[in-house]
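For reference, the structure discussed in these notes is given below.
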Amino acid sequence: MSSKQVFFRSNVLPAAIAVIAFCLAACTAANSQKKENRPAAAQTPTVLVTRVVTQELDREIRLPGELQAYQDVALYPKVPGFVESIAVDRGSWVKRGQLLVRMSAPELEAQKNAADARARAAHAQRLESEAKLRGVREQRLEAEAKFASEEGTYKRLKAASATPGVVAGNDVEVAEKTVEAGRARVGLLAENEQAAQAQVRALEEDEKAARESALSVRNIEAYLRVTAPFDGIITERNVHTGSFVGPASGAPSVPMVRIQEVSRLRLLIPLPETAVSGIIQGRLVSFSVPAYPGQKFSGVVRRIAHSLDARTRTMAVELDVDNRSGRLAPGMFPEVMLPMHQQRSSLFVPPSVVATTTERTFVIRIHNQVAEWVDVKRGSNVGSLIEVFGNLNAGDLVAVRGTDELRAGTRVTVKEASGGRKQ
């Protein structure tokens, strides 16, 4: 072997070893880098869950109300006139039928006198006509009696004239003419009697109309006395002695007095649509008023409108309130504690279960260890639970914390909040 070959081998061998060592180091570094960049295996999240429960809804809601008088009447005069006297003032307690205002109307007195005069004149005319009728009837009866006598004489003469020489023929003719004249007179008097009867009937109608007219004026005169329509209190007085008053016109008119029945009051409550199914007629309901802080009053549900106001979506409910003590007053705004009972059972969950986004309201149900989003609607709050409506069943497992971070379709491990059991 020449010296050149020995020199070549001695230089190439170390270089090859260095290249091999460098490649091994690079491969080792690359494998280490791959191990560092490799993602960790995905872990299954554990979700704390609770169960959907069912129960009947018994709750108490607080609503504003308004106290109103049981009866409220504004009294206006029925006829124009002057206030002669007024016996009551604001705050006066009155009884039914008690005189409140006495009025006077001079022209009404003149109308009454004229109507009475017409009635008296019609009565006198009727009496005169009846007297005339009696006279005509008497004449008819007298004429009928005379006619009957003349007719009998004629019949006898005619029968006797059948024997020659007994009765002259002229006498028979005279008797016949007398009978005909008597018959005509009776007929004329009968016609006169019928005419007199018709006149009497007409005058009777005239007298009846005159009497009714006089009675109508007297009834109108009774309107000058204004009395209380029921037991109550005068809450408004707007006239004084000497004031000229008249019936209410089309424009807003001011009443003479206003009377309200306040021994019994109406409590009007606008009931929300969501609470309509829980109201029960006859139920005792408590309420409070700002005038008596800390004190409770009560009323009984008596009237339910059974129709919603289209503007407010509420139903009017009325309670009767005994106010014989006089402590409460119409116009007060009480806070009503209304007990609600719903016959059907409802589903309830803790409030934290319900998640709300800009697009939907939902709960996360865990079924076969997979998360599902179930759309729901909120109902009433009862204690620490909230009523929900949706495609849920009692006993369903739902995530205690509703959040859109737990996406639908995610496989999870569940842990019940009550017992800590895993599935």
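None of these values were measured; they are calculated from a predicted model.
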Do [X] and [Y] come close enough that some side-chain heavy atom pair is under 4.5 Å?
X	Y	answer
Leu284	Pro339	no
Val101	Val83	yes
Pro334	Ser288	no
Met103	Val245	yes
Leu271	Leu338	yes
Thr235	Ile259	no
Ser129	Arg126	no
Ser92	Ile233	no

Ion pair [X]/[Y], N-O distance below 4.0 Å:
X	Y	answer
Asp320	Arg303	yes
Glu387	Arg378	no
Lys146	Glu142	no
Asp72	Arg258	yes
Glu205	Arg201	no

Minimum heavy-atom separation for [X] to [Y], with atom names?
X	Y	result
Leu265	Ala69	CD2-CA, 4.0 Å
Ala275	Ile61	CB-CD1, 3.8 Å
Val400	Ser352	O-OG, 2.8 Å
Thr403	Ile364	O-CD1, 3.1 Å
Leu385	Val53	CD1-CG2, 4.0 Å
Val321	Gly299	CG2-CA, 4.2 Å

Requested in this report: Go through the steps for Arg365 and Asp396 under the test salt bridge (charged side-chain N to carboxylate O under 4.0 Å, His left out), then give the verdict.
Outcome: CA-CA 7 Å; Arg365 177 171 57 190; Asp396 284 352; 3.1 Å; yes

Requested in this report: Carefully, step by step, assess Thr50 and Leu397 under the rule side-chain contact (heavy atoms from CB on, under 4.5 Å).
Outcome: CA-CA 6 Å; Thr50 187; Leu397 292 175; over 6 Å; no

Counting only heavy atoms from other residues, nucleotides and ligands, does the tally under 6.0 Å from [atom1] of [X] exceed 12?
X	atom1	value
Arg313	CZ	yes
Glu359	CD	no
Glu335	CD	yes
Lys95	NZ	no

Requested in this report: Check whether the side chains of His367 and Glu372 place a donor and an acceptor atom closer than 3.5 Å, and report yes or no.
Outcome: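 No pair is found: no donor N or O on one side chain lies under 3.5 Å from an acceptor on the other.
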
Query - Polar contact flag, side-chain donor to acceptor under 3.5 angstrom, Asn238-Glu236 - result: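 Checked: Asn238/Glu236 side chains pair up, N/O donor to acceptor below 3.5 Å.
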
Query - Derivation and outcome, side-chain contact (heavy atoms from CB on, under 4.5 Å), residues Phe82 and Ser243 - result: CA-CA 6 Å; Phe82 295 92; Ser243 300; over 6 Å; no

Requested in this report: Please list, chain by chain and in numerical order, all residues satisfying side chain to side chain contact (heavy atoms under 4.5 Å, CB included) with Glu191, sequence neighbours excluded.
Outcome: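 For Glu191 the side chain to side chain contact (heavy atoms under 4.5 Å, CB included) partners, ignoring immediate neighbours, are Leu188.
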
Query raised in the report: Does Arg302 have any salt bridge (Lys or Arg N to Asp or Glu O under 4.0 Å) partners at least two apart in sequence or in another chain, and if so, which?
Result: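 None.
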
Report task. For Arg237, enumerate each residue passing the salt bridge (Lys or Arg N to Asp or Glu O under 4.0 Å) test, keeping only those at least two apart in sequence or located in another chain. Result ->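 Only Asp89 meet the salt bridge (Lys or Arg N to Asp or Glu O under 4.0 Å) criterion with Arg237.
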
Requested in this report: Please identify each residue that fulfils ring-ring contact (aromatic ring centres under 6.0 Å, His included) with Phe230, with sequence neighbours left out.
Outcome: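 Not a single residue meets the ring-ring contact (aromatic ring centres under 6.0 Å, His included) criterion with Phe230.
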
Query raised in the report: ring-ring contact (aromatic ring centres under 6.0 Å, His included) with Phe297: which residues, sequence neighbours excluded?
Result: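 Scan of Phe297 (ring-ring contact (aromatic ring centres under 6.0 Å, His included), adjacent residues dropped) gives Phe287, Tyr292.
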
Report task. May I have the step-by-step check of side-chain contact (heavy atoms from CB on, under 4.5 Å) for Glu84 and Thr241, ending in yes or no? Result -> CA-CA 6 Å; Glu84 190 172 294; Thr241 302; over 6 Å; no

Requested in this report: Could you walk me through whether Arg327 and Gln295 pass side chain to side chain donor-acceptor pair (under 3.5 Å), step by step?
Outcome: CA-CA 12 Å; Arg327 302 178 68 194; Gln295 298 188 36; 2.7 Å; yes

For the side chain of [X] and the backbone of [Y], is there at least one donor-acceptor N/O pair under 3.5 Å apart?
X	Y	result
Asn323	Arg264	no
Asp309	Arg311	yes
Thr410	Leu406	no
Thr227	Leu99	no
Thr361	Thr357	no

Query raised in the report: Looking at Tyr223, does the NZ or CZ of Lys78 lie under 6.0 angstrom from its six-membered ring centre and within 45 degrees of the ring axis?
Result: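 Flagged: Lys78 positioned over aromatic ring of Tyr223.
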
Query raised in the report: Run the salt bridge (charged side-chain N to carboxylate O under 4.0 Å, His left out) check on Lys177 and Glu173 step by step: do they pass?
Result: CA-CA 6 Å; Lys177 297 298 182 182; Glu173 291 179 3; over 6 Å; no

Could you tell me the separation between the [atom1] atom of [X] and the [atom2] atom of [Y], rounded to the nearest 0.5 Å?
X	Y	atom1	atom2	answer
Arg137	Lys132	CZ	NZ	13.5 Å
Arg266	Glu318	CZ	CD	5.0 Å
Leu133	Leu203	CG	CG	11.0 Å
Arg118	Ser213	CZ	OG	5.0 Å
Glu138	Leu189	CD	CG	12.0 Å
Glu144	Gln139	CD	CD	12.0 Å

Requested in this report: Identify, with sequence neighbours excluded, every residue that meets side chain to side chain donor-acceptor pair (under 3.5 Å) alongside Gln68.
Outcome: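 Here no residue qualifies.
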
Requested in this report: Take Val262 and Tyr70, measure what side-chain contact (heavy atoms from CB on, under 4.5 Å) needs, and give me the verdict at the end.
Outcome: CA-CA 6 Å; Val262 296; Tyr70 195 79; over 6 Å; no

